[in-house]
Amino acid sequence: MACYLITYDLNRGTRSEYNELYAAIKSYGTWARVTESTWLVISEEEATEVRDSLLQHLDANDRLFVLKSGVAAAWRNVRCKGEWLKKWL
């Protein structure tokens with residue numbers, strides 16, 4: 001399993017709905033919301049598969065970035081619990 005960082009920009013005025021995207025991200029089961037538009041999920045999928053599964057909840061002009069976590073991380077004042085980050089990163 002891998003930890004993936006997901007970040008996005010939804011352009012208001014389109015059909016994109018935050019709640020629809022949030023539900024899709026949370027469907028991975030093990031997730032954390034790090035900042036307003038940055039999440040982490042644990043998945044056995046490849047980054048392209050995570051991206052593709054989330055794209056169905058976005059418009060063509062929305063932005064999406066999925067990154068498999070690396071070897072080091074540092075944080076301050078994140079929305080999720082630091083213990084979650086220590087366990088999964």
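Reckoned from all heavy atoms, side chains included, excluding hydrogens, waters and symmetry mates. Note that the structure is predicted; figures quoted are calculated from it, not measured.
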Stepwise side chain to side chain contact (heavy atoms under 4.5 Å, CB included) check, Leu85 with Cys80:
CA-CA 8 Å; Leu85 297 171; Cys80 63; 3.8 Å; yes
Checking Thr7 against Leu67 for the side chain to side chain contact (heavy atoms under 4.5 Å, CB included) test, could you report, in this order, the C-alpha distance in whole Å, the side-chain angles of both residues, the deciding distance, and whether it holds?
CA-CA 9 Å; Thr7 187; Leu67 173 73; over 6 Å; no
Please evaluate residues Trp31 and Ile6 with respect to the criterion side chain to side chain contact (heavy atoms under 4.5 Å, CB included), reporting the C-alpha separation (whole Å), side-chain torsions for both, the decisive distance (0.1 Å), and the verdict.
CA-CA 10 Å; Trp31 57 269; Ile6 299 166; over 6 Å; no
Please lay out, stage by stage, how Glu36 and Arg79 fare under the test salt bridge (charged side-chain N to carboxylate O under 4.0 Å, His left out).
CA-CA 8 Å; Glu36 190 64 30; Arg79 292 178 58 135; 2.9 Å; yes
Can you check side chain to side chain contact (heavy atoms under 4.5 Å, CB included) on Asn11 and Arg63, steps first, answer last?
CA-CA 8 Å; Asn11 295 301; Arg63 294 178 183 92; 4.1 Å; yes
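Across Ser27 and Ala24, no two heavy atoms sit closer than the pair OG-O, 2.6 Å. Here the shortest heavy-atom pairing between Leu89 and Trp75 reads CD1-CZ3, 4.1 Å. Listed here is the closest heavy atom pair of Ala47 and Val66: O-CG1, 3.9 Å. Considering every non-hydrogen atom in both Gln56 and Glu20, the closest pair reads O-OE2, 4.1 Å. Taking every heavy atom of both residues into account, Leu10 and Asp62 meet most closely at CA-OD1, 3.4 Å.
If you take OG1 on Thr38 and OH on Tyr8, they are separated by 7.5 Å, rounding to the nearest 0.5 Å. One distance of note links OG of Ser43 with NZ of Lys68; it measures 10.5 Å at 0.5 Å rounding. Atom OG1 of Thr48 sits about 6.0 Å away from atom CG of Asp52, to the nearest 0.5 Å.
No continuous path of hydrophobic side-chain contacts links Val50 to Trp88 [ILVMFWY only; heavy atoms under 4.5 Å]. Phe65 is not connected to Leu21 by any chain of hydrophobic side-chain contacts under 4.5 Å among Ile, Leu, Val, Met, Phe, Trp and Tyr, and they are in different clusters. Follow the hydrophobic side-chain contacts under 4.5 Å out from Val41 and you reach Leu58 in the same cluster.
Using a distance-only test at 3.5 Å, with no hydrogens or angles considered, no donor-acceptor pair links the side chain of Ser37 to the main chain of Asp9.
Seen from the ring of Tyr22, Arg33 counts as a face-on cation partner, given the 6.0 Å and 45° thresholds.
Remark: Glu49 CD is packed, more than 12 non-hydrogen atoms of other residues, nucleotides or ligands lying under 6.0 Å away.
For the residue pair Trp39/Tyr4, the side-chain donor-acceptor check at 3.5 Å is not satisfied. Remark: the Tyr28 side chain and the Ser53 side chain contain an N/O donor-acceptor pair separated by less than 3.5 Å.
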